[in-house]
Amino acid sequence: MAGQQYSTGVKRYIKQGEQAVAALQRQRDTMRGKRFDTIAVHGLYGAEGALANQGSIIEPAYFSSAQHFENSDQMEAALAYLIPSWAYSRIANPTLHYLEETLALLEGYGFAGETSALVTASGMAAVFMATNPFLEGAGPANIVASSKCYGGTFMLFSERYGRERGIEVRWVCNPLDLEEWSAAIDDNTRFVFGEMPTNPALAVFDIAAVAELAHRHGIPLLVDSTLATPALTRPLCHGADVVIHSVSKSMTSSGFAIGGALISRCDIPSRVGPPELRADFASYVKLLPFRDHGPCMSPFNALMALNDLRSLRSKMDQLSCSTMRVAEFLAEHPRVEQVGYPGLEDDPGYLVASRYMHLVDSDEGGEPLNRYGHLLSFCVAGGAQAARKVLDRLQLIMRATDLGRIKSIATIPVISTHQQQGEEGCDLAGIPANLIRLCVGGEHPDDIIADLAQALDF
Ligand SMILES: *Cc1c(COP(=O)(O)O)cnc(C)c1O
């Protein structure tokens, strides 16, 4: 087929390449039989990989910009993507490959089909690379997305896609309302996008039901699962087609690296694009549009991310438990008007969140344990000024526009992460001026609660 036009030398490399691809697939199949923690610790880098890398038990960081080829035949086969190779670090890199394979396995844990992953320079690069390929082609186009989403995503959709490119953005204001999703989707919709849970409102949506709505129209559902991480929710198991992560956040709590990822299942629906886009979206994006746009991750960041991922499950368990205690404290506090945390029984998202957010591999004793992540928000009585006062009085909890850290961090979204979208945009996203977003870290919850108690006592 594709090999016919190639010389005997190139064909020999293609043959070797096929064997290497088969070996890689066997490695994936072996790891798919392992438990979540084992995958998080090893990914695809096992004893064999170590022996090929001076025996190093930790994945090596390949900082080299490019790969040296044995000869022109190998170079030709590599650049035609006919053999496993990396060629140039914007296209691929061995250290990034280890991270991509680990993420594909973790996000695909418990999912029957194959998954593939692409890592990017940042979470926003992942949101862009996961959505832009669906906007190609002539004719009217619209996108349907939850208005309760990360500020950068809101701006990408409303400004870059909407205002600059004339794509109609149809916001779903109450993501729990299936009627609202259903009414917004039509024959010109290119994709449906939701965040679960959302930053900073902590809203949730019914992934399976919205996936079904999208599939009925032959379009994909994309889910930003940054806050849940695969340790708590794996949207592909519930019908989502592409999962997006800011690897900068809950996945990599040490805060040493910015990064993003998109993970897809095979054979996704789409109204546009070549067959390769539908067959294996993440690989298609990696080999074609991503190569041209160029937002690649640094190998250093990939190694930092891999290292943080190894303890993802136990970390999300501990942080979720602490966050529940902090949420309960805040819910009882007279100075707090409202707490947004889907783990609280009176939260509007509680029932849906309880269906989707479980600690992975916690079902050995029967029912799986519900865990709701480590982000919460609360509204301070007394308006914007009172919220600023509380934020300014914090002593242990850091004031920063960040989340997912092992250190507790708080911010006021309307003056930080969501400032650019303005008052109207914040109203649309359901973010009042007195809302403080708190990401609970690994400190003892008593100390976090004590800091909040003194900050609220003015
Ligand atoms: C931070 C964040 C992003 C963007 O990620 P960066 O790595 O900062 O570019 C996307 N989605 C969510 C939910 C986020 O919290």
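Quantities reported herein were computed from a predicted structural model and do not represent experimental measurements. First listed ligand is number 1; within each ligand, the first listed atom is number 1. Count residues from 1 along the sequence.
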Engineer: Answer with yes or no after comparing the ring centroid distance for F378 and H333 against a 6.0 Å cut-off, counting only values under it.
Structural biologist: no
Engineer: Does ligand 1 have an atom that lies less than 4.0 angstrom from a heavy atom of G259?
Structural biologist: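 For ligand 1, residue contact (heavy atoms, under 4.0 Å) with G259 is present.
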Engineer: Is there a heavy atom in L227 that sits closer than 4.0 Å to ligand 1?
Structural biologist: no
Engineer: Can you tell me if OH on Y88 sees more than 12 non-hydrogen neighbours from other groups inside 6.0 Å?
Structural biologist: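 No, because the 6.0 Å sphere around OH of Y88 holds 12 heavy atoms or fewer from other groups.
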Engineer: Taking both backbone and side-chain atoms of S248, is any N or O found less than 3.5 Å from an N or O belonging to ligand 1?
Structural biologist: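 Among all N and O atoms of S248, at least one is under 3.5 Å from an N or O of ligand 1.
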Engineer: Do I263 and H245 come within less than 4.5 Å of each other through their side chains, counting heavy atoms only?
Structural biologist: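 Yes, side chains in contact.
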Engineer: Starting from atom 9 (O) of ligand 1, which protein heavy atom do you reach first, and at what distance in Å?
Structural biologist: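 Nearest neighbour among protein heavy atoms for atom 9 (O) of ligand 1, to 0.1 Å: M124 N, 2.9 Å.
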Engineer: Using the benzene-type ring in the case of Trp, are the ring centres of F134 and F281 under 6.0 Å apart?
Structural biologist: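 Distance test on ring centres: under 6.0 Å, yes.
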Engineer: Which ligand 1 atoms are under 4.0 Å away from a heavy-atom of D224?
Structural biologist: 10 (C), 11 (N), 12 (C), 13 (C)
Engineer: Against heavy atoms of E195, which atoms of ligand 1 measure under 4.0 Å?
Structural biologist: 13 (C)
Engineer: Is it the case that ligand 1 has an N or O less than 3.5 angstrom from some N or O of V127?
Structural biologist: no
Engineer: Looking at L178 and L213, what are the two nearest heavy atoms and their distance?
Structural biologist: O-CD1, 3.9 Å
Engineer: Quick check: T153 and ligand 1, any N/O pair under 3.5 Å apart?
Structural biologist: no
Engineer: Write out the residue and atom name of the closest protein heavy atom to atom 4 (C) of ligand 1, then the distance separating them to 0.1 Å.
Structural biologist: Y150 CE2, 3.4 Å
Engineer: Would you say CZ of F63 has more than 12 non-hydrogen atoms from neighbouring residues, nucleotides or ligands within 6.0 angstrom?
Structural biologist: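 It does: F63 CZ has more than 12 such atoms within range.
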Engineer: Do G123 and ligand 1 have an N or O pair less than 3.5 Å apart?
Structural biologist: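 For ligand 1, there is an N or O atom that lies under 3.5 Å from one belonging to G123.
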Engineer: More than 12 non-hydrogen atoms from neighbouring residues, nucleotides or ligands closer than 6.0 Å to CZ on R90, yes or no?
Structural biologist: yes
Engineer: Provide, to 0.1 Å, the distance between atom 14 (C) of ligand 1 and the closest protein heavy atom, together with that atom's residue and name.
Structural biologist: K249 NZ, 3.0 Å
Engineer: Does the side chain of R165 come within less than 4.5 Å of R160's, by heavy atoms?
Structural biologist: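 Contact flag for R160/R165 side chains = no.
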